[in-house]
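What follows is one structure encoded as structure tokens, with my remarks underneath.
In what follows, every heavy atom counts, from backbone to side chain, and hydrogens, waters and symmetry copies are set aside. Below, chain A is the first sequence line, B the second, and so on; all start at residue 1.
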2 protein chains.
Amino acid sequence: MTSQQDLLDTLAQVARALGNGHRLALLERLAQAEASVETLANTAGLTIGNASQHLQQLRRAGLVTAHRSGKQMIYRLTDERIVTLLGLLRQVAETNLAEMERLISRLFADDDAEGALEAVGRDELLAGLTSGEMALLDVRPEEEFEAGHLPEAINIPLAQLEDMLDKLPQDREIVAYCRGPYCVLSHEAVQRLRQLGYRVRRFEEGYPEWKAAGLPVA
Amino acid sequence: MTSQQDLLDTLAQVARALGNGHRLALLERLAQAEASVETLANTAGLTIGNASQHLQQLRRAGLVTAHRSGKQMIYRLTDERIVTLLGLLRQVAETNLAEMERLISRLFADDDAEGALEAVGRDELLAGLTSGEMALLDVRPEEEFEAGHLPEAINIPLAQLEDMLDKLPQDREIVAYCRGPYCVLSHEAVQRLRQLGYRVRRFEEGYPEWKAAGLPVA
DNA sequence: CTTTCATTCAATGAATCACTAGAATGATGG
DNA sequence: CCATCATTCTAGTGATTCATTGAATGAAAG
């Protein structure tokens, strides 16, 4: 009798590990590539000590593992399915919480001001790539790009966008992507490129979702 | 910049709603059928007041909705995908947390003592049903059976098992199922029926998983 | 062996959560 | 209108979570 509740309690511990915005940010970053505590702390905007504690909570919940490399501790996701889990959580939240729509529309407010461009869906992107009408732009930091990216994608980290315009093809529509649906990098890139006259849209997902769907990565 | 973190914080609120064993028990019960606060409190082993508060937390997270029916408040899941979400959480926990295996093996300890019968998987069950070699036994309370069950299943609530043995077919292997992988009802039923000489095994999932997989229900 | 660097551990206070018990609400039936 | 029933709200408690600080650990480099 009671062991059934013990199982649910243990399951609840895992869910509770997901119940903090900073830890979700750490997981989103880890979905791109394994990383050290310092790197993770920086991308999540946390102090090192604080990041370390959150990571340990994730480790206790079985969501990440750690191994030493010299002086650094390298963390990574234990399981590919965690990306799927987070995606499903996102879907459930988006369809059932009004608050989510409000926040999302705020994130997209800038885009709308520019002329209401719909993001590119996965199927449309696949079609555009095979027909040669679209070219992929990865605006994540080089480190994350190196660890894995969509096939044929060009990497221009957002900070160097204006310096590397010559790498962009002129004859195709550009589709920019980054870490995932809530990552602002590709939004920013699309805005800046459109002001420069480029024909460019955003991919509505990111690298982790692409990979978790079993699509080919480089 | 900050609105990205707001989104993750909101997502974390939903995850936190899942981060309590009692609330998971309530959700598991709601995955069977909608129910009143009192019913939910009873199956989850909570006081009415406490159950009410947990349900309201689930409602704030967008996981359940409530409507009045006479004096009663009837709660139900907002979204079919919540079952999938919980299933995925379970899978991730099972493969990455040693603690889970320990608890599961304890839940199965009685079965093993009986002669180590493997539970029936979904594919095997489908094959057994179409070939007519298996018959389905639903051991959940009548109320949950009425709200939906696997096709062709016979309902004998666990409490009345010995009184209704005549309803069981003798010529086929019996496959018992209940609420889900952690539900003890079908374990108990299998044990008792085997002592009576029946050829019977447990279905490794439950009604909600079957339905969420898009398989036909009655 | 000492220093340095990356990370973890331990202790604190503020905030939030879980449970209880009892009062308050809202629909129903006399 | 009054009484009843199901549920929710309120307040108070003890436990847990979170961020911060500074000390402690462990590997590497001089």
Side-chain angles (χ1 to χ4, degrees), chain A residues 2 5-6 8-27 29-30 33-61 63-76 99 143, chain B residues 2 5-6 8-27 29-30 33-61 63-76 99 143:
Chain A
T2 178
Q5 193 57 51
D6 289 349
L8 291 180
D9 287 345
T10 308
L11 216 49
Q13 281 177 25
V14 179
R16 210 156 40 227
L18 300 174
N20 177 286
H22 293 312
R23 284 196 291 273
L24 291 181
L26 289 169
L27 289 175
R29 173 58 182 77
L30 284 170
E34 58 175 32
S36 68
V37 176
E38 189 178 3
T39 305
L40 290 165
N42 287 338
T43 47
L46 300 172
T47 63
I48 305 256
N50 198 359
S52 173
Q53 290 192 187
H54 280 304
L55 287 166
Q56 251 143 109
Q57 237 168 306
L58 291 172
R59 195 166 55 169
R60 259 175 266 132
L63 297 172
V64 307
T65 53
H67 63 98
R68 250 190 197 288
S69 167
K71 298 192 220 182
Q72 299 192 329
M73 287 297 273
I74 307 295
Y75 281 82
R76 75 168 60 156
E99 173 78 356
E143 192 183 349
Chain B
T2 177
Q5 193 57 52
D6 289 348
L8 292 180
D9 287 343
T10 308
L11 216 49
Q13 282 177 25
V14 179
R16 209 159 38 229
L18 300 174
N20 176 286
H22 292 312
R23 284 196 292 272
L24 292 181
L26 290 170
L27 288 175
R29 173 57 182 76
L30 284 171
E34 59 175 31
S36 67
V37 176
E38 188 177 4
T39 305
L40 290 165
N42 287 339
T43 45
L46 299 172
T47 63
I48 305 257
N50 198 359
S52 173
Q53 291 191 180
H54 280 303
L55 286 167
Q56 249 142 112
Q57 239 169 308
L58 291 172
R59 196 165 56 168
R60 258 176 266 130
L63 297 172
V64 306
T65 53
H67 65 96
R68 248 190 198 288
S69 167
K71 299 192 218 184
Q72 300 192 332
M73 286 298 272
I74 307 295
Y75 281 83
R76 74 168 61 156
E99 173 78 357
E143 191 184 350

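- The two residues B/Ala44 and B/His22 have their closest heavy-atom pair at O-ND1, 4.5 Å.
- If you walk DNA chain C from 5' to 3' and mark each nucleotide with an atom closer than 4.0 Å to a heavy atom of chain B, the marks span C/dC17 to C/dT28.
- The separation between B/Tyr75 atom OH and D/dA6 atom P is 15 Å, rounded to whole Å.
- Across every non-hydrogen atom of A/Tyr75 and A/Gln56, the tightest pair is OH-NE2, 4.2 Å.
- Under a 3.5 Å cut-off, the side chain of A/Gln5 and the backbone N or O of B/Gly21 do form a donor-acceptor pair.
- Pairing each heavy atom of A/Leu8 with each of B/Leu24, the nearest pair is O-CD1, 3.4 Å.
- The OG1 atom of A/Thr39 lies 11.5 Å from the CG atom of A/Leu26; values are rounded to the nearest 0.5 Å.
- Here the C1' atom of nucleotide D/dA6 and the CD atom of B/Gln72 are 7 Å apart, to the nearest Å.
- End-to-end axis angle of the helix from C/dC1-D/dG30 to C/dG30-D/dC1, using five pairs per end and rounding to 10°, comes to 20°.
- Counting all heavy atoms, side chain and backbone alike, B/Leu58 lies closest to B/Ala17 at CD2-O, 3.8 Å.
- Side-chain N or O atoms of A/Arg16 include none that pairs as donor or acceptor with a backbone N or O of A/Asn20 at under 3.5 Å.
- Closest approach of B/Ala51 to B/Ala41, counting heavy atoms only: CB-CB, 3.7 Å.
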For nucleotides 10-29 of chain D, give me one character per nucleotide, 5' to 3': B if any protein heavy atom sits under 4.0 Å from the base, S if the only such contacts are to the sugar-phosphate, - if neither.
B------SSSB------SS-

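- A/Thr10 places a side-chain N or O within donor-acceptor distance of the main-chain N or O of A/Asp6, the cut-off being under 3.5 Å.
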Side chain to side chain contact (heavy atoms under 4.5 Å, CB included) between A/His67 and A/Met73, worked out
CA-CA 6 Å; A/His67 63 98; A/Met73 287 297 273; over 6 Å; no

